[in-house]
Amino acid sequence: MKTNNSRRNFLKVGATLSLAPLIPSSIFAENLNTQVVKNGTVITAAHWGILKATVENGKITKSEPLSHISNIPNTLQNTMKDLVENVRIKAPMVRKSYLQNPDSPKPELRGKDEWVEVPYEEAIKLVARELKKTRAKKGNESIFGGSYGWFSPGKLHNPRILLHRFLNLSGGFTGSLGDYSTGASQIIMPHVVGTIEVYEQQTTWPVVLENSKVVVLWGMNPISTLRIAWSVTEEQGFKYFEKLRDSGKEIIIIDPLKTQTTKFLGNKAKHIRPTPNTDVAMMLGMMYYLYETKNYDKNFLETYTVGFDKFLPYLLGKIDKTPKTPAWASKICGIGEKTIKDLALKFYKNRTMLMSGWGMQRAHHGEQPHWALVTLASMIGQIGLAGGGFGLSYHYSNGGAPTCVGGILGGINAASVGVIKDDKFLGLANDIKENDDTPAWLAKTTDTAFPVARIADAILNPGKVLDHNGTKITYPDIDFIYWAGGAPLTHQQDTNKNIKAWRKPRTIVVNEIYWTPTAKMADIVFPVTTEYERNDVTMSGDYSNMHIIPMKQVVEKQYLAKDDYEIFTDLCKAYADGLAEAFTENGKTEMDWLKEFYDTAKNQVNANVALGIKMPSFEEWWNKNKPTEFFSNIDKENYVRYADFREDPILNALGTPSGLIEIYSETIEKMSYDDCAAHPKWFEPAEWLGMKNKQANFHLLTPHPDNRLHSQQNNTHIRSENSVNDREAITINLKDAKNLGIKDGDLVRVFNERGEILAGAKVNDDVLPGVLKLCEGAWYDGFENGLCKNGSANVLTIDIPTSKLANGNCSHTALVNIEKYKGKAPTLSAFLPPKGAK
Ligand SMILES: Nc1nc2c(c(=O)[nH]1)N[C@H]1C(S)=C(S)[C@@H](COP(=O)(O)OP(=O)(O)OC[C@H]3O[C@@H](n4cnc5c(=O)[nH]c(N)nc54)[C@H](O)[C@@H]3O)O[C@H]1N2
Ligand SMILES: Nc1nc2c(c(=O)[nH]1)N[C@H]1C(S)=C(S)[C@@H](COP(=O)(O)OP(=O)(O)OC[C@H]3O[C@@H](n4cnc5c(=O)[nH]c(N)nc54)[C@H](O)[C@@H]3O)O[C@H]1N2
Ligand SMILES: [Mo]
């Protein structure tokens, strides 16, 4: 699956780069139109859809979806003008103290220091020189290039892969493992079902619509999260959720929050609202009841799973004297006993699709919810049947939209580690066998990669040994950070700890479009083009592979912004002789690459006679500026996840040690972790409403924003959709607000032992009493005195690992206090450039 590959293989050290002999870069046979339109319309794409931009006198005046296949609006599509114009970094800049003395750059001043504009060539030389210095003194492993995050969907201008390509070819670096999205599930699922599951194609929507009787949306908000895709949304998810709404099927939402999805489904769905972070208890209560009443599929458990017998004593309370009865569960999750029983029985008696989002695994012990869900689904026994079982990606990138048959674009890769000697690039380490150092280099930089959300911990604790999924990882001594694409100051939990960490290394370089908090925390920033200022190609539909889309440049490059590709090419030139040739494969230009990526797809399509489609030459296609659409076939439309396994569990064994679904994992048993058992288990989270001696009174949920992609678009006009009193909105229940004297529209201070923020109160029943909702992604704005004036959620969240197994992040586990803010409202500075910048 493409999604799986593109999201997981971040540190592709093994990927090989073919160093072709010197051939002149290709010459376009026909006239290739790369002129930027001054007046007219241009088709391009973003995560939020295939877009049509209107340009007048060289400026974007409007952006809209090329076409709509659903009636669900998506305001992200209207932000192109603001994204090109607002809060841009206009020139290469260096932090003053760093420029004065890079060897003693006063890192403690990051985020507060003045900035100085420098000529581009000087900035390039500075980065090349300091990178070389750090490598010589502290080794390749002290260079952190993990650079986790989102960026535009193009196949060439992928800043993270380009950064890795540069850092690999120039000697190697420390990367990161996994992601923030599914940190816990993508580690536990391979133990349970043999694949990462979260980025796999789902039983298709046509099958669900035809066969499922009951559809459960367990901790997911697709009407919001399907506004975007990892590649480009083709909107099919919206279309199918509309069909689901109108299908007359029984729909059950299990989510503490009233979300966009709850509102969209209205009275067509029943809403169950558990206490945050307690779903595992609810699932155990259901399983207990099904077992006790013999309403479970014994045959499925015996044929397709292992370890139910070892899980059973825990379920029945034989070991801990706590039977996991519905009554026990009810006390923890706040859902009535009868509801727990009724739901369990309903799932067992009817063809039920248990769809789940990822919010509940982004919590302490986040390995458990999906493991418990698979166990529940196994007892129900419908896995592999049409419209039954479970699915972990219906809310993401249009999972379940049938896969189309067509071509897949090529893309730039991260190359592999190169060898540099005396400022000369000698070749790829793999090819230079006689170089004795090489294997050690390779090993070092791959061994030091650590789970992505452990970054602050790693920077602060070099040499510390981390348990991770049965292995031990020793943190490297990070002294140089390079980030290109991603907003670590906003996306990482516990911002104040993170800032402390970011004030430790000697050098931080950031390629950014805007003056984000991350850019403000750097020493050197390169101004980068938006995706609307360069040419690229991309596909839509991570699971459907539906379109190939030209991303034609919409406007001229703004200010002194450059493409990441150009910046890294120039860094190669400054770093070593011959390096740029390797990086660019002997001088390939933007359009050379795009043609190559397009041709990969074209050749697949044109060789597949049965398809009956012919793709034109790249030049013809590019000049037309129109997406190519592919279609699915009956086979793809009828895809049922795990149907083959169900049909023959021996021939089509799963990738687990037993080949079966593992309700009990001997692999995990051998790890002997105190925070992850060998079977699904209820663990109390570090902070939750039911705990004794609470430090604070409210459970803060920090879901993904409807009207942003994380922190992207916080600098556009749609910020008003989720701000109150010019701060990020926080939702508080009517009762709580009344008790605390908080009114709708009030400025509130939200705080705990980790930090404090200002936010604008929305008072309604979207949250339960005791629960607050504050979306992740508001730009951090607390560099003066620690109080974040813009309401960034991660100032309040906890930076602990989900467990030693997955080391995922715990975004949805945090207790906080809230009060009416009485002081004079401080002026917002989140969207202003820092001192010294224009
Ligand atoms: N509390 C809490 N925290 C969370 C989460 C949560 O649920 N709650 N969710 C987590 C999850 S799942 C994720 S994926 C992360 C998301 O975290 P990120 O992916 O880091 O967030 P974005 O805001 O999308 O950051 C993308 C950045 O890349 C920049 N960019 C865009 N295009 C380019 C380009 O072409 N070149 C360069 N150089 N830069 C570019 C943008 O300007 C932006 O600053 O957040 C995580 N953090
Ligand atoms: N518009 C928009 N779409 C996005 C993104 C975005 O930033 N904006 N980000 C994209 C990315 S990178 C990702 S990873 C996905 C994220 O997709 P998800 O992880 O599924 O999204 P979240 O909003 O974190 O959580 C989904 C739901 O889980 C619920 N939830 C939280 N805790 C619990 C709990 O303890 N129990 C239950 N039952 N429910 C709980 C939340 O209330 C929320 O409604 O979305 C993608 N789509
Ligand atoms: Mo994510």
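Just follow the structure's listing: the first ligand is 1, and inside any ligand the first atom is 1.
- When the heavy atoms of D564, T530, L796 are ranked by distance to atom 34 (C) of ligand 1, first place goes to D564.
- Every N/O-N/O distance between N707 and ligand 2 stays at or above 3.5 Å.
- Taking the side chain as every heavy atom from C-beta outward, F241 and L217 approach each other to under 4.5 Å.
- At a 4.0 Å heavy-atom cut-off, ligand 1 touches T516 through the side chain alone.
- The shortest N/O to N/O separation between N794 and ligand 1 falls below 3.5 Å.
- Close N/O approach between L709 and ligand 2 is not found [any backbone or side-chain N/O within under 3.5 Å].
- Among the atoms of H812, some N or O lies under 3.5 angstrom from an N or O of ligand 2.
- Heavy atoms from both the backbone and the side chain of S181 come within less than 4.0 Å of ligand 1.
- Relative orientation of the F831 and W779 rings is tilted, given thresholds of 30° and 60° on the angle between their planes.
- The shortest N or O to N or O distance between T278 and ligand 2 is not below 3.5 Å.
- At least one heavy atom of W150 sits under 4.0 Å from some atom of ligand 2.
- Atom 22 (P) of ligand 2 has its nearest heavy-atom neighbour, among H704, Q712, H699, in H704.
- Side-chain contact between H370 and V280: absent, with no pair of heavy atoms (C-beta onward) separated by less than 4.5 Å.
- Among the atoms of N511, some N or O lies under 3.5 angstrom from an N or O of ligand 1.
- Near I254, the atoms of ligand 2 lying under 4.0 angstrom from a non-hydrogen atom of the residue are 38 (N).
- Here's the thing with G359: one of its N/O atoms is less than 3.5 angstrom from an N/O atom of ligand 2.
- For atom 26 (C) of ligand 2, the candidate residues are G149, G219, P703; the nearest heavy-atom contact is made by G219.
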Audit row: E533, R88, salt bridge (charged side-chain N to carboxylate O under 4.0 Å, His left out) steps and yes/no | CA-CA 13 Å; E533 294 153 49; R88 294 293 296 262; 2.8 Å; yes
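- Looking at ligand 1, you won't find any N or O of F151 less than 3.5 Å from one of its N or O atoms.
- Shown in contact with D706 at under 4.0 Å from a heavy atom are these atoms of ligand 2, numbered in order with element: 1 (N).
- Near D279, meaning under 4.0 Å from any of its heavy atoms, are these atoms of ligand 2: 34 (C), 35 (O), 36 (N), 37 (C), 38 (N).
- Annotation: R227 places no N or O atom under 3.5 Å from an N or O atom of ligand 2; distance criterion only.
- N535 places a side-chain N or O within donor-acceptor distance of the main-chain N or O of Q553, the cut-off being under 3.5 Å.
- Side-chain polar atoms of N794 and T797 form a donor-acceptor pair below 3.5 angstrom.
- Taking a cutoff of 4.0 Å between a charged side-chain nitrogen and a carboxylate oxygen, D799 and R754 do not qualify as a salt bridge.
- A heavy-atom separation below 4.0 Å is found between P256 and ligand 2.
- None of N277, L768, L772 except one satisfies the side-chain contact (heavy atoms from CB on, under 4.5 Å) rule with H699; the exception is N277.
- Contacts between W358 and ligand 1, counted as non-hydrogen atom pairs separated by less than 4.0 Å, are absent for every part of the residue.
- Looking at L76, I228, T225 and measuring to atom 10 (C) of ligand 2, the nearest heavy atom belongs to I228.
- Nearest-heavy-atom check against atom 35 (O) of ligand 1 across R534, H157, E531, Q492 picks out R534.
- Ring planes of Y180 and Y148: tilted class, angle from 30 to 60°.
- The pair K263-D766 meets the salt-bridge criterion, with a side-chain N (NZ, NE, NH1 or NH2) lying under 4.0 Å from an Asp/Glu carboxylate O.
- Annotation: R708 places an N or O atom under 3.5 Å from an N or O atom of ligand 2; distance criterion only.
- The aromatic rings of F151 and W230 lie perpendicular to each other, with more than 60° between the two planes, well past the 30° mark.
- A donor atom on one side chain and an acceptor atom on the other are not found under 3.5 Å apart for Q202 and S393.
- Those atoms of ligand 2 that come under 4.0 Å of a heavy atom in T259, given as number and element, are 44 (O).
- The shortest N or O to N or O distance between A793 and ligand 1 is not below 3.5 Å.
- Where the criterion is an N or O separation shorter than 3.5 Å, residue side chain and backbone included, S711 meets it with respect to ligand 1.
- When non-hydrogen atoms are compared, ligand 2 lies under 4.0 Å from the side chain of W218 (C-beta onward) but not from its backbone.
- In this structure, H395 and W358 have perpendicular ring planes: the angle between them is above 60°, well past the 30° mark.
- Taking 4.5 Å as the limit, every side-chain heavy atom of T262 sits out of range of all side-chain heavy atoms of D255.
- Relative orientation of the F568 and Y482 rings is tilted, given thresholds of 30° and 60° on the angle between their planes.
- Nearest to atom 7 (O) of ligand 2 by heavy-atom distance, out of R273, H710, H395, is H710.
- Neither the backbone nor the side chain of S811 comes within contact range of ligand 2; no heavy atom lies under 4.0 Å.
- Taking 4.0 Å as the cut-off between side-chain N and carboxylate O, R534 and E556 do not count as a salt-bridged pair.
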